[in-house]
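Notes follow once the structure below has been shown.
Throughout, protein chains are lettered first and strands after them, A, B, ... in sequence-line order, and every chain is numbered starting at 1. Just so it is clear, the model here is predicted, and its values are computed rather than measured. These numbers come from the heavy atoms of this one structure, side chains and all, not from hydrogens, waters or symmetry mates.
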Number of protein chains: 2
Amino acid sequence: MKGRLSMPTPSMEDHIEQIYMLIESKGYARVSDIAEALSVLPSSVTKMVQKLDKDGFLIYEKYRGLTLTSKGMKLGKKLVKRHDLLEDFLRLIGVKEENIYEDVEGIEHHLSWNSIDRIADLVLFLEENPELQSKLFELQQDSSN
Amino acid sequence: MKGRLSMPTPSMEDHIEQIYMLIESKGYARVSDIAEALSVLPSSVTKMVQKLDKDGFLIYEKYRGLTLTSKGMKLGKKLVKRHDLLEDFLRLIGVKEENIYEDVEGIEHHLSWNSIDRIADLVLFLEENPELQSKLFELQQDSSN
DNA sequence: TGAATGTATTTGCATAGGAAAAAATATCTA
DNA sequence: TAGATATTTTTTCCTATGCAAATACATTCA
């Protein structure tokens with residue numbers, strides 16, 4: 001069982017991830033909140049939500065709202081975990097807070113699960129050995145070019 | 001001096017990077033070689049090359065070839081360095097060879113130079129302390145889900 | 001040199017993503 | 001409960017990327 005029926009695109013993942021987080025935190029996900037969080041217009045979210053419904057990630061009733069299917073839930077959870085891991089990683093190696101969110105947003109959709117697993121090991125390792133972080137931080141200087 | 005006139009898109013960067021590498025290794029870059037390397041059709045490369053000419057990254061003479069401007073050279077060099085760094089990083093933390101190229105291809109366009117600098121520190125640190133790599137490798141086990 | 005072959009370019013089409021304005025529906029409040 | 005307000009959806013348009021077929025050009029070799 002390898003790459004079943006077409007992977008979700010980056011934008012699809014962004015939406016699923018965001019919807020999952022909104023449902024976790026508030027119990028529901030409105031079009032306008034999703035749009036706000038993703039910095040796109042509500043009309044774009046509506047279009048995407050319709051596609052995600054067609055693809056079985058959620059159930060959409062126009063004007064009334066949406067809920068994630070178990071497929072959508074499972075994926076959402078995984079995506080949020082991945083996102084958090086990557087934020088932890090960048091933070092741990094000393095990337096400035098102002099760059100973290102945008103960078104993670106950019107790369108999260110483009111790493112194999114193999115890479116994610118290896119980065120998870122690394123994060124664990126660095127968290128368990130804070131003295132390594134100090135040594136790492138001593139190297140810091142940037143190229144600013 | 002911050003974000004001057006519109007950053008190159010990922011596809012633009014891919015082309016510039018590839019053209020730079022071809023010129024380094026063979027002295028010139030043909031449309032068909034670029035297309036081959038990027039797994040797109042020559043017609044797509046022609047279109048992109050025309051845009052890169054318009055944007056001042058290279059000089060294009062139809063049917064005759066192209067050369068990078070100094071702006072294109074400088075960027076190409078930087079992009080190749082970044083690509084190589086990211087390959088080193090993934091390799092160093094134990095990502096399987098079969099995933100490395102594609103992952104780097106995916107993420108290289110989405111990291112701030114701040115993150116790149118920090119990853120460079122980390123790579124240096126791990127290269128200088130091979131015992132850490134061993135310890136890191138002991139953690140390896142994947143989630144395969 | 002002049003056809004055959006190899007390359008490059010043009011043209012037309014398709015897809016994904018998203019903006020903006022207009023229309024539809026829902027919700028709130030007086 | 002009927003407007004007023006807020007939200008969502010539809011429609012139209014745009015940009016970026018890339019494929020495929022048709023065309024143009026360049027090179028080679030007989």
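Comparing D:dA20, C:dG17, D:dT9 by their nearest atom to the side chain of A:Lys47 picks out C:dG17. Comparing C:dG17, C:dA19, D:dA16 by their closest approach to the side chain of B:Lys51 singles out D:dA16. Distances from the side chain of B:Val40 to the nucleotides C:dA20, D:dC19, C:dA16 place D:dC19 closest. With C:dA26, C:dT10, C:dA8 as the choices, the nucleotide that has an atom nearest any side-chain atom of A:Tyr63 turns out to be C:dA26.
Contact annotation: A:Ser44 side-chain N/O to C:dG17 OP1/OP2 distance is not under 4.0 Å. Here B:Lys62 reaches the OP1 or OP2 of C:dT10: one of its side-chain N or O atoms lies under 4.0 Å away. Side-chain nitrogen and oxygen atoms of A:Ser11 include at least one within less than 4.0 Å of the OP1 or OP2 phosphate oxygen of C:dG18. The shortest distance between the side-chain N/O atoms of A:Thr9 and the OP1/OP2 oxygens of C:dG17 is below 4.0 Å. For A:Tyr60 and D:dT9, the shortest distance from a side-chain N or O to OP1 or OP2 is below 4.0 Å. In terms of phosphate contacts, B:Gln50 brings no side-chain nitrogen or oxygen within less than 4.0 Å of OP1 or OP2 of C:dA8.
The distance from atom CD1 of A:Ile34 to atom P of C:dG17 is 15 Å, rounded to the nearest whole Å. Per the geometry, CE belonging to B:Met12 stands 12 Å off P belonging to D:dG18, to the nearest Å. In this structure, A:His109 places its NE2 atom 13 Å from C1' of C:dG17, rounding to the nearest Å. For the pair A:Tyr28 OH and D:dT7 C1', the computed distance is 13 Å after rounding to whole Å. For B:Leu38 and D:dC19, the CG to P distance is 10 Å, given to the nearest whole Å. Rounded to whole angstrom, the span from the NE2 atom of B:His15 across to the C1' atom of D:dG18 amounts to 10 Å. Remark: P of C:dT9 and CG of B:Asp53 are 11 Å apart, rounded to the nearest angstrom. One atom, CG of B:Asp33, and another, C1' of C:dA8, lie 13 Å apart when rounded to the nearest Å.
A donor N or O paired with an acceptor N or O is not found under 3.5 Å between the base of C:dA8 and the side-chain atoms of B:Thr46.
Using a cut-off of 4.0 Å between Lys/Arg side-chain N and Asp/Glu carboxylate O, B:Asp84 and B:Lys81 are scored as not salt-bridged.
Rounding to the nearest 0.5 angstrom, the gap separating the CE atom in A:Met7 from the NE2 atom in A:His109 is 11.0 Å.
Taking the side chain as every heavy atom from C-beta outward, B:Leu136 and B:Ile93 approach each other to under 4.5 Å. With contacts defined as side-chain heavy-atom distances shorter than 4.5 Å, the pair A:Val104/A:Phe89 does not qualify.
Nearer to the 5' terminus of DNA chain C, by closest-nucleotide assignment, is the contact made by A:Pro42 (compared with the other of A:Arg64 and A:Pro42). Remark on DNA chain C: of its neighbouring residues B:Glu61 and A:Leu41, the 5'-side contact belongs to B:Glu61, judged by nearest-heavy-atom nucleotide.
Other residues, nucleotides and ligands contribute at most 12 non-hydrogen atoms within 6.0 Å of the CD atom of B:Glu61.
Taking the six-membered ring where tryptophan is involved, the planes of B:His83 and B:Tyr101 are tilted, since the angle between them lies from 30° to 60°.
A:Ser32 comes within 4.0 angstrom of the backbone, heavy atoms only, and of no base.
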